[in-house]
Amino acid sequence: MAVLIRTREVPAARRHDAWRSIVCDTLGPLDLRIDRDAPLHGRIDAGALGPLGVGRVRTSTPHSVHRTRGLIRRDSPELYRVVLAMSGSLLVAQDGRSARLRQGQFVIYDFGRPYELCYNAPVHLAVFSVPRASLAVPAGTVARLTAVPVTSDEGTGALTAPVLRRVTADLDGYRPASAARLSTVVTDLITTTIAERAERLDLVPEDSRERTLLLRIHSFIEQHLGDPALTPSTLAAAHHVSLRQLHRLFEPENTTAAAWIRHRRLERCRRELGDPVAGTTPVGAVGARWGFPDPAHFSRVFRRTYGVSPLEYRRAALG
């Protein structure tokens, strides 16, 4: 991400004008309302994930940002914005609704209609700019859900919020091919979240539904790696799909559900074996913790994958 402004690097007398220029000219057109006498502290970064714009805003200075009808007439790109509260909270208002967005929640708003964002305490935000054409959900459906917070503990929102946070944190490390793939993932999740909230999942294209379902399955696997009973059959049953459908979902990744479960279990074991904090935990206990209750089987699978036994790997990793 490029640093658009870091206030500690700007002379105090110029900070308000510099911040206003970035917010109103680079991110806008927007109307910034802020007490000129208030000490201004903050930072704004911006980058791109394929066709999506990605920004980070940190500030501890109370102020508000307004998108007025006059500004919309001046310039109105066809896009939605999704804002995630990484920390702190903010007020979001659009279409006659207002909501207090709290840490871990996100909301969508239409850049082509009036809205208001208000910060009255320190906040750290992730902001995604999404071309309207990228979402398969009709504009009328989206309009009924603007300024409606989505929590990270239910439905597709439980997948979307962590992905938005991770993408924002790791944006600089993605290669172009990975960025393009992740932009599709983010768009699928936002689309599915909106359709789910509107009870119109039929609007989501089949390929998007399948990609989102695979993300759900990956998340379920991560949460149940330690359960020896986690198998393709139990995975399929938990997600109400047939084994044949489950195997088809993994085909684009050139793997199978069973191989993916095994891979993720082995990676957790490898990570723990290389952790000095877990250096006194018996090797067999590490395997059992991550779904390998038979120590001999665990050792064979680990050696076949990494070329050394679990004990040899630990000795090398920990010196």
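We're numbering straight along the sequence, starting at 1.
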Fit a plane to each ring of [X] and [Y], take the angle between them on a 0 to 90° scale, and name the class: parallel (under 30°), tilted (30 to 60°) or perpendicular (over 60°).
X      : Y      : result
Phe302 : Tyr313 : perpendicular
Phe250 : Trp260 : tilted
His239 : Phe220 : perpendicular

Tell me whether [X] contacts the main-chain N or O of [Y] through its side chain, where contact means a donor paired with an acceptor under 3.5 Å.
X     : Y      : value
Thr59 : His41  : yes
Arg67 : Phe111 : yes
Gln94 : Arg113 : yes

What's the shortest heavy-atom distance between [X] and [Y], and which atoms?
X      : Y      : value
Leu49  : Ser183 : O-CB, 3.3 Å
Leu79  : Asp110 : O-OD1, 3.6 Å
Arg197 : Leu145 : CB-CD1, 3.8 Å
Leu246 : Ala257 : CD2-CB, 3.8 Å
Ala46  : Leu4   : CB-CD1, 3.7 Å
Gly155 : Glu196 : CA-OE1, 3.4 Å

Side chains of [X] and [Y] in contact at under 4.5 Å (non-hydrogen atoms):
X      : Y      : result
Val23  : His63  : no
Glu222 : Arg268 : yes
Val185 : Arg211 : no
Leu243 : Pro232 : yes
Thr160 : Val150 : no

Report, as yes or no, whether the 6.0 Å neighbourhood of atom [atom1] on [X] holds more than 12 heavy atoms from other residues, nucleotides or ligands.
X      : atom1 : answer
Arg166 : CZ    : no
Glu199 : CD    : no
Arg14  : CZ    : no

Tell me whether [X] is salt-bridged to [Y], with the criterion being a basic N under 4.0 Å from an acidic carboxylate O.
X      : Y      : result
Arg271 : Asp275 : no
Glu267 : Arg270 : yes
Arg58  : Asp45  : yes
Arg36  : Asp17  : yes

Does the side chain of [X] come under 3.5 Å of the side chain of [Y] through a donor N or O and an acceptor N or O?
X      : Y      : result
Thr192 : Thr212 : yes
Thr151 : Arg102 : no
Thr68  : Asp31  : no

Point-to-point distance, once rounded to the nearest 0.5 Å, from [atom1] of [X] to [atom2] of [Y]:
X      : Y      : atom1 : atom2 : result
Arg20  : His16  : CZ    : NE2   : 8.0 Å
Thr7   : Ile22  : OG1   : CD1   : 12.0 Å
Leu125 : Leu101 : CG    : CG    : 8.0 Å
Arg56  : Leu84  : CZ    : CG    : 12.5 Å
Glu210 : Asp188 : CD    : CG    : 11.0 Å

Side chain to side chain donor-acceptor pair (under 3.5 Å) between Thr156 and Arg216, worked out:
CA-CA 8 Å; Thr156 306; Arg216 288 182 183 275; 2.6 Å; yes
Determine whether Thr234 and His224 satisfy the following criterion, side chain to side chain contact (heavy atoms under 4.5 Å, CB included), listing intermediate values before the conclusion.
CA-CA 11 Å; Thr234 59; His224 296 84; over 6 Å; no
Report the residue from Val148, Val142, Leu117 that forms a side-chain contact (heavy atoms from CB on, under 4.5 Å) with Tyr109.
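The residue from Val148, Val142, Leu117 that satisfies side-chain contact (heavy atoms from CB on, under 4.5 Å) with Tyr109 turns out to be Leu117.
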